[in-house]
Amino acid sequence: MMRIKVKKIIYYLIKLRGKIFIPFAILYILVAAYIAFSIEPQTFESYLTSVYWVLTTLATVGFGDYAPVTDLGKAFTIGLYITGIGLVSLFIGKIIKSVYLIEKRKVGGKMKYTGKNHIILIGWSEKSKSAIQEIFKSDETIDIVIIDNLEKSPMMEERLFYVRGDATDEETLLRANLPKAKGVIIFADQITQDNYATKDPLLVDGKTLLVATAITSIEEKTNTAIHVTAEVINQKHIRLFERVKVDEFIPTQEMISHAAVRSLFSHGVTHMYSELMSSKYE
C-alpha cells in the first residue's frame, strides 16, 4: 500500500514538473535580472537592460556590451553560469518537444480544427483524393478537413487537416468544427464497400445514413444549415434518407452505368460530362 502511494506521489511530481517548468524558467530569468540590476544599477541602466544581459548570458551569446564590475556582481554571474545555462537548454528542449507533440497530434488527427468555411470530407479513398485535388483547383484559400480512422493523415498539404474518429459520433464531427463548415461530402465507407458490399450493399449505405443522421442532429442542435452531399451505392436506398437532411446524392453505380450506355448512342457524351464537372473548363 505504501509503495502504491509513493508511486502516485512520484508520478504526480513528474506531471507537475512538466506543467510548472516553463513558468519557473521565466520567473528565474526575471528574478535573476532583478538581482543583477539591484547589485549593479550603474552597470545596467534599467531593468530591461539587466533582462537583456541575463538572456544573452544564459544563451552563451555574450556580446560583451554589459559586464559586472563589482566582486559581488561577478560572483553572481558565476552562479548564473552554473545554474542557468542548463536551465535554458532544458527550456529550449521543452519548447522543441512541445512543437513536436503538437505536430504529432495534428498528423495523428487528435487536434480540433478551429477554422471556418471549410469543406469536410468523410471517408478516405481514391475518390476523396480526387475530390481534394478538385477543391484545391477550384479555391486556393479554402481548407479541407478529412475524417477517417486512419492512424495518421493520408496526405500532407498546407490547407489539409485530419480528424481521426468515427464520423457517426457527434463528438468527432464537432472536432472537425462541423457547425462552421461550408459543406460536407460523405463518401461510401471503403472498407465496408470492399469487404461486404457484394454480400449486403445495405451495409455500405447504412453507414452513410448513420453519418448523415449525426450531421442532421448537430444541425438541429446548433440551428445551422450545412450543404451535405452523400455517395449512395444503390439508388434504391435514397428513400432511406427521407428523415435526414442530405441536399444531394451521388448514385455511383447508376451514374456510371448510364454514362457508359449513353456513350454508345451519343458519342462524346463522357467528354462533355467531364468538361461540365471539372473546374479546368469554363
Side-chain angles (χ1 to χ4, degrees), residues 117-135 138 142 144-149 163 165-174 176-266 269-279:
N117 295 326
H118 54 294
I119 293 176
I120 298 175
L121 303 183
I122 298 176
W124 175 254
S125 63
E126 285 299 318
K127 289 173 286 189
S128 309
K129 188 175 181 180
S130 299
I132 290 169
Q133 294 171 347
E134 187 66 24
I135 292 169
S138 303
I142 200 166
I144 300 174
V145 178
I146 300 172
I147 298 178
D148 204 287
N149 257 318
V163 171
D166 185 356
T168 63
D169 185 358
E170 291 185 17
E171 184 182 347
T172 301
L173 294 171
L174 290 173
N177 205 5
L178 176 70
K180 299 290 184 181
K182 182 177 183 179
V184 180
I185 302 176
I186 309 171
F187 288 105
D189 186 71
Q190 192 65 41
I191 296 176
T192 308
Q193 191 173 347
D194 292 340
N195 298 319
Y196 304 107
T198 54
K199 298 177 183 178
D200 189 356
L202 184 60
L203 288 174
V204 184
D205 291 335
K207 178 74 177 289
T208 304
L209 177 60
L210 288 174
V211 175
T213 303
I215 293 173
T216 301
S217 177
I218 292 176
E219 284 183 297
E220 291 174 352
K221 289 178 182 178
T222 58
N223 194 27
T224 55
I226 304 160
H227 190 279
V228 179
T229 301
E231 178 186 10
V232 180
I233 300 301
N234 192 324
Q235 193 169 2
K236 294 178 181 178
H237 295 158
I238 290 179
R239 61 181 178 79
L240 301 175
F241 290 78
E242 290 176 359
R243 297 187 180 276
V244 296
K245 181 184 172 296
V246 176
D247 300 280
E248 297 184 51
F249 293 94
I250 310 171
T252 311
Q253 293 177 352
E254 283 76 13
M255 188 173 289
I256 294 172
S257 299
H258 293 166
V261 172
R262 295 318 309 166
S263 67
L264 296 176
F265 294 95
S266 303
V269 70
T270 55
H271 297 296
M272 182 180 68
Y273 175 78
S274 297
E275 291 182 9
L276 285 170
M277 298 303 291
S278 176
S279 61

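Computed from heavy atoms alone, side chains included, the values below leave out hydrogens, waters and symmetry copies.
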Do you know which two heavy atoms are closest between [X] and [Y], and how far apart they sit?
X	Y	answer
A176	I147	CB-CD1, 3.7 Å
G123	S128	O-OG, 2.5 Å
E231	D205	O-OD1, 4.2 Å

For D169, side chain to side chain contact (heavy atoms under 4.5 Å, CB included) partners two or more places apart: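 Listed in chain order: D166, E171, T172.
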
Non-neighbouring partners of A181 that pass side chain to side chain contact (heavy atoms under 4.5 Å, CB included), sequence neighbours left out: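 With neighbours one apart ignored, the set is H118, I120.
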
Mind listing the side-chain donor-acceptor pairs of residues 209-219 below 3.5 Å, one per line with the distance, residues two or more places apart or on another chain?
from: T213; atom 1: OG1; to: L209; atom 2: O; distance (Å): 2.8
from: T216; atom 1: OG1; to: A212; atom 2: O; distance (Å): 2.9
from: T216; atom 1: OG1; to: K245; atom 2: N; distance (Å): 3.0
from: S217; atom 1: OG; to: E170; atom 2: OE2; distance (Å): 2.7
from: E219; atom 1: OE2; to: I226; atom 2: N; distance (Å): 2.7

Derivation of the side chain to side chain contact (heavy atoms under 4.5 Å, CB included) call for I122 and F187: CA-CA 6 Å; I122 298 176; F187 288 105; over 6 Å; no

Set of side-chain hydrogen bond (donor to acceptor under 3.5 Å, both in side chains) partners for E248, sequence neighbours left out: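 E248 satisfies side-chain hydrogen bond (donor to acceptor under 3.5 Å, both in side chains) with H227 only.
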
Would you check if [X] and [Y] make a side-chain contact, meaning some heavy-atom pair closer than 4.5 Å?
X	Y	result
V232	I250	no
I119	I142	yes
V145	L121	no

Residues T208, F241; criterion side chain to side chain contact (heavy atoms under 4.5 Å, CB included); working and verdict: CA-CA 9 Å; T208 304; F241 290 78; 4.1 Å; yes

Distance (rounded to the nearest 0.5 Å) between L240 CG and N234 CG: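 Between L240 CG and N234 CG, I get 9.5 Å after rounding to 0.5 Å.
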
From I132 atom CD1 to K127 atom NZ, the distance as rounded to the nearest 0.5 Å: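 Here the interatomic distance stands at 13.5 Å.
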
Could you tell me whether the side chain of [X] and the main chain of [Y] form a donor-acceptor pair under 3.5 Å?
X	Y	result
D148	W124	yes
D247	V228	yes
T222	P179	no
N117	K182	no

